2 protein chains.
Amino acid sequence: MARATAGYEEHGEEDSPGALPQPPRDEIDLGRVLAALADPMRRTVVATLATAPEGFEQHCSAFGLPVSKQTRTHHFRVLRESGLVSMTDRGNRVLTSLRRRDMEARFPGLLALVVADAAQDRQQDRSED
Amino acid sequence: MARATAGYEEHGEEDSPGALPQPPRDEIDLGRVLAALADPMRRTVVATLATAPEGFEQHCSAFGLPVSKQTRTHHFRVLRESGLVSMTDRGNRVLTSLRRRDMEARFPGLLALVVADAAQDRQQDRSED
DNA sequence: AGCGAGGTACGACTGCGCTCGTACCTTATG
DNA sequence: CATAAGGTACGAGCGCAGTCGTACCTCGCT
């Protein structure tokens with residue numbers, strides 16, 4: 001079970017069954033979001049989700065992060081508690097989706113910056129071959 | 001003297017005398033910038049500079065940060081090494097200015113987000129009186 | 001020259017973030 | 001039912017970031 005270690009209150013209201021706790025739109029804190037995006041690994045995850053079509057969901061393990069699964073869990077928790085992503089517990093697998101509308105409403109253009117930067121990084125890697 | 005503790009190389013080319021080392025525009029790293037902006041105190045500084053008119057410069061001590069001057073020095077160093085601000089050593093005082101054009105060129109809209117968030121915070125504080 | 005204010009350098013402490021090992025749970029598959 | 005895979009909880013190590021104390025420098029003012 002995910003306990004309320006975050007700063008926001010535990011809301012009994014959970015839209016869908018298995019939805020893991022996350023801050024409501026108005027309580028999303030810029031500091032938390034920026035801290036979450038400061039990590040390259042988490043930025044990769046966000047860029048991947050943001051590049052994918054609307055409503056895209058993916059397993060946490062499908063991002064190919066070069067860390068152990070415990071560390072992966074940690075990163076996804078940070079992303080969720082910051083408000084960047086929404087996660088659904090399906091028992092043995094967890095689906096992650098970008099909170100695109102919430103982020104666009106609170107910090108318009110921020111996701112685009114992350115996407116653009118990730119794209120530029122990929123281009124640099126290609127030219128270094 | 002400020003030594004090159006940053007990741008970027010020490011460029012002999014310094015535009016104006018007393019200009020403290022800072023990364024050139026193309027080497028400004030998003031992770032560093034986001035990490036710098038993740039701190040509320042540094043975000044306040046950036047928001048203040050971004051709200052002020054173009055080319056505005058201010059002493060580090062004039063921001064009213066509730067910390068010691070050593071800590072203040074630390075925060076401004078982080079801001080400078082991230083590429084957010086430009087600093088000029090005038091002997092006994094240091095002038096800080098926002099690298100507005102560079103930031104707008106690399107991460108368009110980011111400063112606006114910081115400004116908007118700071119404005120919203122101020123409004124909340126006012127309604128809490 | 002002396003003093004105070006602004007700033008930095010260096011060192012130290014403290015807390016937090018990233019990492020993983022171990023243990024355990026849940027589900028799908030054989 | 002046994003096993004493997006995805007995930008989490010808990011704890012530990014480690015490094016870095018934020019904070020300050022002490023010391024020192026530079027300039028403006030008296």
Side-chain angles (χ1 to χ4, degrees), chain A residues 1-7 17-22 29 31-46 57-82 84-97, chain B residues 1-7 17-22 29 31-46 57-82 84-97:
Chain A
M1 252 298 289
R3 295 172 307 167
T5 57
L20 296 176
Q22 65 182 29
D29 176 58
R32 261 180 122 96
V33 171
L34 294 179
L37 291 176
D39 186 279
M41 208 164 294
R42 291 193 290 259
R43 215 158 54 239
T44 300
V45 171
V46 170
E57 289 188 337
Q58 186 163 303
H59 302 52
C60 297
S61 64
F63 290 89
L65 302 183
V67 289
S68 68
K69 57 183 183 180
Q70 303 92 320
T71 303
R72 194 199 316 150
T73 296
H74 163 70
H75 284 305
F76 276 92
R77 170 194 286 267
V78 172
L79 286 173
R80 175 172 52 82
E81 292 183 344
S82 77
L84 272 162
V85 306
S86 180
M87 295 168 66
T88 309
D89 189 347
R90 288 264 184 277
N92 65 340
R93 57 187 62 180
V94 174
L95 294 178
T96 304
S97 63
Chain B
M1 254 298 288
R3 294 173 307 168
T5 56
L20 297 177
Q22 65 182 28
D29 175 59
R32 260 177 121 96
V33 171
L34 294 180
L37 291 175
D39 186 279
M41 210 165 291
R42 291 193 291 259
R43 214 157 55 237
T44 300
V45 171
V46 171
E57 290 188 337
Q58 186 162 303
H59 303 53
C60 296
S61 64
F63 291 89
L65 302 183
V67 289
S68 67
K69 58 182 182 178
Q70 302 92 318
T71 304
R72 195 199 315 148
T73 296
H74 163 70
H75 284 305
F76 277 92
R77 169 194 286 267
V78 172
L79 286 173
R80 175 172 51 83
E81 293 184 342
S82 77
L84 272 161
V85 306
S86 179
M87 295 167 66
T88 309
D89 189 347
R90 288 262 184 276
N92 66 339
R93 58 186 62 180
V94 174
L95 295 178
T96 303
S97 63

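A note on names: the letters A, B, ... follow the listed sequences, proteins ahead of strands, and every chain is numbered from 1. Just so it is clear, the values below take in all heavy atoms, side chains as well, and ignore hydrogens, waters and symmetry mates. These figures come from a predicted structure and were not determined experimentally.
- For Thr88(B), there are no side-chain hydrogen bond (donor to acceptor under 3.5 Å, both in side chains) partners, not counting sequence neighbours.
- The shortest distance between the side-chain N/O atoms of Ser61(B) and the OP1/OP2 oxygens of dG7(C) is below 4.0 Å.
- Remark: P of dG6(C) and CZ of Arg77(B) are 20 Å apart, rounded to the nearest angstrom.
- The line from CG of Leu79(B) to CD of Gln22(B) is 12.0 Å long, rounded to the nearest 0.5 Å.
- For Thr73(B), the side-chain contact (heavy atoms from CB on, under 4.5 Å) criterion is met by no residue, not counting sequence neighbours.
- The interatomic distance linking Glu81(B) (CD) with dC16(D) (P) rounds to 14 Å, in whole Å.
- The CZ-P distance, from Arg43(B) to dA17(D), rounds to 17 Å in whole Å.
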Contact pattern, 5' to 3', of nucleotides 18-30 of chain D - B, S or - by protein heavy atom under 4.0 Å: BBBBB---BB---

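- Partners of Arg42(A) under the side-chain hydrogen bond (donor to acceptor under 3.5 Å, both in side chains) rule, at least two apart in sequence or in another chain, are His75(A).
- Look at CG on Leu79(B): it is 14 Å from C1' on dA17(D), rounded to the nearest Å.
- With sequence neighbours left out, the side-chain contact (heavy atoms from CB on, under 4.5 Å) criterion links Ala38(A) to Leu34(B), Ala35(B).
- One can place CZ of Phe63(A) at 14 Å from P of dG6(D), the figure rounded to the nearest angstrom.
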Extract all donor-acceptor atom pairs below 3.5 Å that involve side chains of residues 58-70 of chain B and protein atoms in other chains or at least two apart in sequence.
unit_1, atom_1, unit_2, atom_2, d
Gln58(B), NE2, Ala62(B), O, 3.1
His59(B), NE2, Arg93(B), NH1, 3.4
Ser68(B), OG, Gln70(B), OE1, 3.1
Ser68(B), OG, Thr71(B), N, 3.4
Ser68(B), OG, Thr71(B), OG1, 3.2

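- Distance Arg32(A) CZ to dC16(C) P: 12 Å, rounded to the nearest Å.
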